[in-house]
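As structure tokens, the structure follows; a few thoughts come after it.
The analysis underlying the following values was restricted to heavy atoms, covering all of them including side chains, and did not include hydrogens, waters or symmetry mates. Here the structure is a predicted model, which means the values were calculated and not measured.
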Amino acid sequence: MTTDNDVQDVAALRDAMVHELREQGAIQSEPVAAAFAAVPRHLFTPGESLEVAYGVDNAPIVKRDDNGLTLSSVSAPHLQAVMLEAAEIKPGMRVCEVGSGGYNAALMAELVGDSGRVTTVDIDPDIVERAGAFLHEAGYDHVHVMLADAERGVPEAAPFDRIIVTAGSWDIPPAWIEQLGGDGRIVVPLRMKGTTRWIAFDRDDAGGLVSRDYGLCVFVPFQGTGSHTERTVTIEDGVVLRWDDEDLKVDRDALRRALHLPRLERWSGAVFDMPDEQALFLLTNDPNMALLHADQEAIDHDLLARPALRGVPVLINEDSFAYRAARPNEDMSSGYESGVYAHGPSAGTLAARYAELLRQWADKYHRRGAASIRYLPKAATPPAPSAGVLPKRHGTVVVTWP
């Protein structure tokens with residue numbers, strides 16, 4: 001039974017969520033604010049408290065696999081707002097959502113209005129059933145919920161003015177580009193060298209895609225035909241390298257030996273700030289960059305320093321590795337200086353190269369959105385191999401720093 005107090009609590013929490021999203025800069029337009037104010041998010045997060053449902057950074061898990069890994073979740077309001085702002089959905093548009101949960105589709109239904117059309121698709125029958133039931137309960141029966149492997153898109157509902165992907169995708173299937181209208185836009189969480197960035201892509205004159213904006217994000221990986229398993233190697237218990245470049249060769253035994261050699265420190269004299277932007281620059285400016293992950297036990301045993309706890313760009317060669325560090329420095333605008341921790345016989349050489357990259361980023365690219373990201377379908381002439389050229393199954397991602 002819903003009481004007057006419940007209704008008042010929900011209204012107050014929804015208003016507070018919208019206010020906080022505005023304060024954070026996630027919501028920047030009145031249409032997006034109105035959509036968040038209108039859709040009852042708690043109806044799409046059964047079993048969660050109202051406070052959890054309306055927390056701007058909360059992403060309640062919907063389904064796990066037999067090993068406890070997340071298969072589906074309701075994305076955090078902050079991330080949904082940022083991606084919807086980047087999509088610039090207008091009344092009357094035809095929108096496709098890849099990866100369903102119901103709530104985001106309801107927000108898009110508010111944005112397209114009565115004259116538009118929203119199609120949301122998922123590969124999991126349980127998720128499709130849940131999304132349909134929640135949308136019905138919330139009063140959004142006009143949203144079309146479909147069961148399908150989105151690798152082939154949704155040709156029966158195409159063309160689309162916008163395609164919004166809400167699962168971590170390693171590539172962009174040709175069907176998505178083919179089913180995008182002439183002035184269309186794709187907003188997709190794209191995996192690049194072990195990390196994910198949501199990227200708002202518009203068509204370019206050559207038949208590919210060019211970025212308008214991007215940002216760091218985390219999403220449940222894509223399932224079905226478009227799934228992709230990145231390469232990983234365990235250096236030591238709790239210490240893992242992750243990468244997806246087939247040309248990068250790793251000598252696990254040599255790097256394990258390097259791990260147990262004394263750590264070399266080098267400080268760059270450059271600012272440590274915007275670590276996500278800095279990481280993208282590092283990963284796309286040297287072909288020997290990967291990601292280094294360490295668990296808490298490895299940190300506690302001083303095998304690696306704390307920066308590796310959540311994953312950090314690591315420069316490797318046949319017998320050594322170097323990764324990013326930071327220390328307090330009042331002379332820096334952020335209050336921190338970037339530096340390098342390195343292990344192995346070639347530690348000095350790798351540390352010098354890494355520090356050079358840190359200084360390049362600080363001198364030229366210390367800002368949000370400095371990179372340009374293009375997607376070239378396979379039919380196009382592939383660019384020459386380089387650090388920022390990332391081959392995919394259906395095409396190539398090219399990251400440049402103008």
Side-chain angles (χ1 to χ4, degrees), residues 1-64 70-91 95 97 99-114 116 118 120 122 126-143 145 164-167 187 189 198 215-220:
M1 178 179 178
T2 301
T3 67
D4 289 342
N5 286 338
D6 291 332
V7 173
Q8 291 171 3
D9 288 345
V10 167
L13 287 168
R14 199 179 305 158
D15 288 345
M17 176 184 70
V18 172
H19 176 76
E20 188 171 354
L21 290 171
R22 284 183 182 273
E23 289 289 306
Q24 293 178 349
I27 288 180
Q28 299 180 6
S29 67
E30 291 307 316
V32 172
F36 275 88
V39 179
R41 181 176 166 90
H42 63 285
L43 296 183
F44 298 86
T45 59
E48 303 288 353
S49 68
L50 293 177
E51 287 73 16
V52 168
Y54 288 100
V56 297
D57 295 315
N58 293 338
I61 295 172
V62 173
K63 186 176 181 179
R64 299 180 187 270
T70 301
L71 293 176
S72 180
S73 65
V74 181
S75 298
H78 180 275
L79 182 54
Q80 290 173 315
V82 168
M83 291 178 65
L84 288 176
E85 290 285 6
E88 295 185 337
I89 297 172
K90 307 296 184 184
V95 180
E97 180 189 34
S100 190
Y103 178 66
N104 201 49
L107 293 171
M108 290 188 284
E110 290 287 338
L111 291 168
V112 302
D114 294 338
V118 174
T120 181
D122 202 281
D126 294 338
I127 301 305
V128 169
E129 182 179 357
R130 285 172 59 98
F134 296 156
L135 285 162
H136 172 73
E137 183 181 1
Y140 294 93
D141 288 310
H142 53 296
V143 172
V145 186
I164 314 298
V165 184
T166 58
V187 183
W198 65 260
L216 185 67
C217 63
V218 176
F219 274 90
V220 174

Side chain to side chain donor-acceptor pair (under 3.5 Å) partners of His19, counting only residues at least two apart: none

Taking all heavy atoms of Trp198 and all of Val187, pick out the closest pair and write down the distance. CE3-CG1, 4.3 Å

Side chains of Pro46 and Arg130: does their closest heavy-atom pair fall under 4.5 Å? yes

Which pairs pass ring-ring contact (aromatic ring centres under 6.0 Å, His included) with one or both residues in residues 23-43, sequence neighbours excluded? His42-Tyr54

Salt bridge (charged side-chain N to carboxylate O under 4.0 Å, His left out) partners of Glu30, counting only residues at least two apart: Arg22

How close do Ala37 and Arg14 get, counting heavy atoms only, and between which atoms? O-CD, 3.0 Å

Working to the nearest 0.5 angstrom, can you tell me the gap between Ser49 OG and Leu13 CG? 9.0 Å

With sequence neighbours excluded, residues passing side chain to side chain contact (heavy atoms under 4.5 Å, CB included) with Pro91: none

For Tyr103, all residues meeting ring pair (Phe, Tyr, Trp, His ring centres under 6.0 Å), sequence neighbours excluded: Phe44

Correct closest heavy-atom pair for Ala131 and Val145 would be CB-CG1, 4.3 Å

Exam field: side chain Thr166 to backbone Gly99, donor-acceptor pair closer than 3.5 Å: yes

For residues 35-50, the salt bridge (Lys or Arg N to Asp or Glu O under 4.0 Å) pairs (sequence neighbours left out) are none

Heavy-atom pair with the smallest gap, counting every atom of Cys217 and Pro189: SG-CB, 3.9 Å

Partners of Glu110 by side chain to side chain contact (heavy atoms under 4.5 Å, CB included), sequence neighbours excluded? Ala35, Ala38, Val39, Tyr140

Which residues pass the side chain to side chain contact (heavy atoms under 4.5 Å, CB included) test with Val56, sequence neighbours left out? Met17, Glu20, Leu21, Gln24

Rounded distance [0.5 Å steps], CG in Leu107 versus CD1 in Ile89: 9.0 Å

Asp141 meets the side chain to side chain donor-acceptor pair (under 3.5 Å) criterion, sequence neighbours left out, with His136

By side chain to side chain contact (heavy atoms under 4.5 Å, CB included), which residues pair with Asp114, not counting sequence neighbours? none

If every non-hydrogen atom of Asp122 is compared with every non-hydrogen atom of Ser100, which pair is closest and at what distance? OD2-N, 2.9 Å

Which pairs with one or both residues in residues 74-87 pass salt bridge (Lys or Arg N to Asp or Glu O under 4.0 Å), sequence neighbours excluded? none

In Å, rounded to the nearest 0.5 Å, how long is the span from CD of Glu51 to CG of Asn58? 10.5 Å

For Glu97, all residues meeting side chain to side chain donor-acceptor pair (under 3.5 Å), sequence neighbours excluded: Asn104, Thr120

Using every non-hydrogen atom in the two residues, find where Leu135 and Gly102 come nearest and quote the distance to one decimal. CD2-O, 3.3 Å

